[in-house]
Amino acid sequence: MSPAIPIALTVNGRSRTLDVAPHHTLLEVLRDDLALTGTKECCLVGECGACTVRLDGRIVDSCLVLAVEADGGEVTTIEGLAPEGGLTRLQGAFLDKGAVQCGFCIPGQVMAADDLLRRSPHPTVAEVEEGMAGNLCRCGCYAQITEAILAAAEEGGR
Amino acid sequence: MHTFAYARPATVAEALAILAEHGPDARVLAGGTDLVIRLRDGSLRPRVVVDIKRIAELGPGIRVADGRLVIAATTVMAEIAADERVRRDFTALAEAAAVVGSVQIRNRATLAGNVCNASPAADTAPSLLVYGAEVVAAGPAGVRRFPVDDLFVRSGVTTLAPAELVTAIELPIPAGRLGAAHARRTRRRGHDLASVTLAVAVDAAGVTRLAYGSVGPRPVLVVDESGVLADAAAPDAATAPAFERLFAAASPSPRSMRAGPEYRLAMLRVLGGRALRTAIARLAGE
Amino acid sequence: MTGARVGASPRRVGGAERVTGGQRYVADIHIPGELHVKLVTLPVARARIGAIDTSAAERVPGVRLIVTAADLPQPVPRFGPQFEDRPVLAVGETKYHGEPVAAVAADTRDAAEEAAGLVRVEHEELPAVFTLAAALDPAAPLVQDPALRPGDPLAGTNVLRVHRVGWGDVDAAAADLVVERRYAFPIVTHFAIEPHACLAAPDGDGIAVWSTIQHPNWLQRILAKLLGLPLAKVRVHAPDPGGGFGGKQHAKYEPLVALMALRADRPVRLVLTLEETFQAVRRAAAEVTVRTGLRADGTLAFQDVAADYLIGAYADIADRVVGKGSYVGAGPYRMPAARIVARSVLSHTVPSTAFRGFGNPQVNWAVESNLDEAALALGIDRLEIRLRNLARKGEAFIPWDTPADGDWAEATRRAADRIGWGTPAAPGRGRGIAVGIKSGPTTGLSYSTVRLLADGSVIVFAGTSDMGQGARTVFAQVAGDELGAPLDAVTVVMGDTAVVPYDQQTSASRSTVLMGNSVLAACREVQAKVRAMAARVHGVDEAAITVEHGVVRLPGRELPIRDVVAAGLGRLGGEVVGNGEMRKDADPGHPLQGAPAFFEFNCTAIEAAVDEETGDVTIVRHVTVSDVGKAINPLQVRMQDEGAAIQGLGHTLMEHYIYDLRGRVRNLGAIDYRIPTSMDLPLELHSEAVENADGPGPYGSKGMSEGALLCVAPAVAAAVRDACGAVIRDLPLSPERVWRALRERDAARAGREDAR
Ligand SMILES: Cc1cc2nc3c(=O)[nH]c(=O)nc-3n(C[C@H](O)[C@H](O)[C@H](O)COP(=O)(O)OP(=O)(O)OC[C@H]3O[C@@H](n4cnc5c(N)ncnc54)[C@H](O)[C@@H]3O)c2cc1C
Ligand code: FES
Ligand code: FES
């Protein structure tokens, strides 16, 4: 066993220091060490996007990032998007448009949609479909997710 | 995932020292979009993983120097696809970078990693080949620079020594106008690994450069200097043989589950033709 | 009459948790002291298991328990929903690639994984069958030990069962045209984004289990029997699954995990990888030969269907899938004569199980495609031939069974209208239309409890699993409407067998109808008690009082139910409790052991464009119309319908397992098993519901959510054929397949030219 490595990072605005195994992914550390279970685990190969988090201003599949790589970084997870007890406009739009079925893919979808609106505040349908293609939804909420993103954009953004 | 030691050198020299010390037991980690998958599935079991992302000399960044576009080793696809110079002067590369994986993948996947990984399906390889890109590699014996065409051996194997590190990919800025395009075939519209990926560039002198991947053990570059292919007005009888010659080097594996060889060869021609027409149109400024 | 909530589309109950990451799925639950389990599997399909050496694995720090079949109670317990044939761990031989032979429990995931890799299993690969042809060969090795099938005349074959349904005399039926073709449907998998997971922990003198299961009560029964515990000592927690689609109906590794927890005397958890989930659940492949007889005017004369389903190494619920899925194989048509013979064929592959559509998509693909073939041969419009033959409402289209229970022609016409049937399609485009039905539940038992609290808020206890279909929301709407509570004052409790009354299962699109009616009945009981309360408090004759939608009407005045309850309960407080029961008993005389409670009818119409050079299919427009009786929540109806449509596009266009010659799935996991992404949607997706309030559920509702998947493949294939003449009878319609079919079309055309 290689020794654990001390890392310091900011997660949802809070500074955290912890020791991580070099082979543990950011996903594992968020879920297991920091008990932030909103970020989901599915494919572990970067295909499904259920593990999407924002790392230093960019969304990534946290299953493909080693936790040590995030040392010194700033991480936002689904738990850190809205103020405690509230919803962002985008999250509300997901509910209003019926974009949530089982919900398992949804944290990743919301993170990706949030990022999309940051990069492109008034996206076209094609941009939304392209921008969200890294997030699989087996319940097939795609059309409703697109509607939710467009509605949030219309109403003033994320 | 098996465990390993993690090294995070701050300089190229430091990185090279670690690589030299551990030889084949060390692996360079850039974006990790290939490497982490292989660490998890156990197909690679290095003892040391060398993260090069904190090496200031390796970027990220895209700059122009001596008539070349220098893409530092840690530059990711998202930056390349969005870069104005790349989009203008290296359209096919911008197009290829823009279809690698998803947003999440493109935020991590590096160009250098894409070529070092040496997948026959690497989407940026054909465009790098048609633009005559060069690999800059630092190693125990110093820095060497060589055509990207000399990098690929076969799937997963390159001519890099274990102790070598790619520091940048360089593309000569074309002297004259070029028309270029990237095209690929996948099993669905959403992100997928290509069953044919190719790039075409034509220049004003009528030289056509075509490179294709995923139809053989490594990506291949073919050059047609006859001028007929770049001539939109040339009669079919003249272009057909030249066009056909372009594909002689394709040898898709019958064992792949992504597509059969017959289909790949057919798509190579269809997409090759389409990309060629796009490139010609772009050259003409359409 | 309905109140304000039914028929509206409020935000999904549990939605806020789901968009903020607060929703707890099984893998999010940790029990202090838990061990992590990793399964040990072999790199082959069928193999004789020899010596198992666990010594190296035991030396891995943190390893607490390793079990092999020898460590389990002997004979190794077997279980299954229909046949008790699946052993807790492989006994003697593995029967498919991925079947566990041992399991390791350790303090960490890492240690369990490492140790599992160090368990050495001597094994010898054995001859095996992975396809229908191989399994049906008289010389084929047997998948199931005949000793497990005592008295079964088929025990010496790989046919598990043969299901025969029919009426009229197919052989004597007069037909002007007979069309016979063979169609194939591949193995596909559920790919719920939540991989399967379960936890088990000793709980006093019993056991507690958390599972991604759809049927907690069924799992409870299986575990109680297997562990020799009273039902009351087996507590199954079933947090809302992250997608089920049928794959999570029945026990897989729960018995193993429960036994390990008892043996280790510690909590243990098993969270499968996606690859392991692919090796746990999948849909049966099928080859279906259809012989359709018609009169020259397009009237159907007979339907003769022979369907072979490739099920896996253990029966799971697969044979029921085969029997029920093929039962309506003659289609929703007036059919003078029909003969349907369906066989469930065992093979050395992943056990197949329930999957949205439950055996119907395979047959419907064949039957609807064959009808198109007939229409083409007769020169009759493909819509017209369907309208001519569709059973009319009330017509007994299966002579002894539930008559057609909807205006199916209306749904079909609407879909045709929306696709622009009869208007010319743009060049390179074509249209297709298909209809389909699926039988609803044939038996059922759903209890519920509704508690009206002193302040007028409501708690509903219902054992349905809300795996995305939105059952919580529907029950909250029903109870809220009946008792006058706003939705945010209604709580729906599910998924805990120690707390929630029995529900047989969450499947067959039953919950709105069966559990919905049960909740409605519980609410009615509450209302009756409130009426008695009002009579007592106000000194009025009960007969003069009505309670509706939260309002108590007394002669000359109306009171909110809350006020009546507060007054009626008095100083001690309390609550008004109602129980509901919805029972649909088995009918042993019926081929399905019960007539379907309803039929799910769908019509799907497609406009597709084909790139003839690449074989690429673009779905330009996808229209799905389902007969839902009454949409209690129209938005959820749309979500279910469109979700099913997209899943249907998956198996139609891209999904299939690819096996190697040794029976190993080559495309396990997400890299090479492709499902639709946001970029793979139809350019336009349009869903509509027919609402004639003619269903058996609350307010005339019917079950829905599977229908829109039934017709996708035949409608798309028909549109492709219409667009370019490519004929494909083998799913999926991958670009490569379409391209090949186009080459065949060209070759056939050239052949005709030559022949001239
Ligand atoms: C979901 C998904 C989708 C994908 N889709 C595509 C696609 O559409 N097209 C495509 O082409 N690829 C695709 N990929 C593959 C991958 O993203 C690319 O190959 C990527 O560019 C690799 O870069 P990286 O920085 O992530 O490399 P890493 O994973 O960090 O490294 C890859 C390999 O290159 C070596 N290496 C990396 N950098 C250097 C260096 N500077 N010097 C020496 N060796 C080095 C590493 O040791 C390793 O062996 C996909 C991957 C995933 C997970
Ligand atoms: S779990 Fe990370 S992309 Fe699927
Ligand atoms: S909502 Fe179930 S997977 Fe997306």
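These numbers come from a predicted model, not from an experiment.
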What part of [X] gets closer than 4.5 Å to chain A, counting heavy atoms only: side chain, backbone, both or neither?
| X | result |
| --- | --- |
| C:Glu194 | both |
| C:Ile671 | both |
| C:Pro241 | backbone |
| C:Glu275 | side chain |
| C:Arg674 | side chain |
| C:Met467 | backbone |

Checklist entry - Hey, what do you get for CD1 (C:Ile31) to CD1 (C:Ile29), rounding to the nearest 0.5 Å? => result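 The CD1 atom of C:Ile31 sits 7.5 Å away from the CD1 atom of C:Ile29.
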
Checklist entry - Rounded to the nearest 0.5 Å, how far apart are CG of C:Asp466 and CG of C:Asp240? => result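 Reported value, rounded in 0.5 Å steps: 5.0 Å.
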
Next on the checklist: Quick check: C:Phe245 with C:Phe191 (ring centres under 6.0 Å apart)?
Outcome noted: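 Ring centres of C:Phe245 and C:Phe191 not closer than 6.0 Å.
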
Next on the checklist: Using side-chain hydrogen bond (donor to acceptor under 3.5 Å, both in side chains), reason through C:Ser678 and A:Glu129 one step at a time and then give a plain yes or no.
Outcome noted: CA-CA 5 Å; C:Ser678 52; A:Glu129 288 179 351; over 6 Å; no

Item to check | residues 645-652 of chain C: residues contacting chain A (heavy atom under 4.5 Å, by number) | outcome: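 Expected list: C:Ile646, C:Gln647.
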
When you check the side-chain N and O atoms of [X] and [Y], is any donor under 3.5 Å from an acceptor?
| X | Y | value |
| --- | --- | --- |
| C:Asp110 | A:His24 | yes |
| A:Thr88 | A:Asp114 | no |
| C:Ser705 | C:Gln469 | no |

Between [X] and chain C, which part of the residue has a heavy atom less than 4.5 Å away: side chain, backbone, both or neither?
| X | result |
| --- | --- |
| A:Asn135 | neither |
| A:Val100 | both |
| A:Leu81 | neither |
| A:Cys141 | neither |

Item to check | C:Thr473 side chain vs C:Val13 backbone, donor-acceptor pair below 3.5 Å | outcome: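 Indeed, once roles are kept as given, a pair shorter than 3.5 Å links the two residues.
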
Heavy-atom pairs under 4.5 Å with chain C: which of [options] has the most?
| options | value |
| --- | --- |
| A:Glu130, A:Glu79, A:Gln144, A:Met132 | A:Gln144 |
| A:Ala99, A:Gly108, A:Cys42 | A:Cys42 |
| A:Gly92, A:Ala82, A:Gly46 | A:Gly92 |
| A:Val125, A:Asp96, A:Ile106, A:Leu90 | A:Asp96 |

Checklist entry - Does C:Arg638 pair with A:Glu147 as a salt bridge, N-O distance under 4.0 Å? => result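 Judged by the 4.0 Å cut-off on N to carboxylate O distance, C:Arg638 and A:Glu147 do form a salt bridge.
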
Item to check | C:Asp28 and A:Arg31 ion-paired at < 4.0 Å | outcome: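 A:Arg31 and C:Asp28: salt-bridged.
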
Checklist entry - With a distance cut-off below 6.0 Å to the six-membered ring centre and an angular limit of 45° from the axis, does C:Arg283 pair with C:Phe355 as a cation-pi contact? => result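 Judged by the rule (NZ or CZ under 6.0 Å from the ring centre, within 45° of its axis), C:Arg283 counts as positioned above C:Phe355.
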
Name the option with the most non-hydrogen atom pairs under 4.5 Å to chain A; the candidates are [options].
| options | answer |
| --- | --- |
| C:Ala16, C:Gly669, C:Gly470 | C:Ala16 |
| C:Arg24, C:Glu17, C:His190 | C:His190 |
| C:Thr20, C:Leu274, C:Asp680 | C:Thr20 |

Next on the checklist: According to side chain to side chain contact (heavy atoms under 4.5 Å, CB included), who are the partners of C:Ala238, at least two apart in sequence or on a separate chain?
Outcome noted: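 Result, side chain to side chain contact (heavy atoms under 4.5 Å, CB included) vs C:Ala238: C:Ile213, C:Pro216.
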
Checklist entry - How would you list, by chain and number, every residue that makes a side chain to side chain contact (heavy atoms under 4.5 Å, CB included) with A:Cys105, sequence neighbours excluded? => result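 A:Cys105 satisfies side chain to side chain contact (heavy atoms under 4.5 Å, CB included) with A:Gln109, A:Cys137, C:Ile193 only.
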
For residues 3-18 of chain A, which side-chain N or O atoms pair as donor and acceptor with protein atoms under 3.5 Å away, sequence neighbours left out?
| unit_1 | atom_1 | unit_2 | atom_2 | d |
| --- | --- | --- | --- | --- |
| A:Asn12 | OD1 | A:Thr77 | N | 2.8 |
| A:Asn12 | ND2 | A:Thr77 | OG1 | 2.9 |

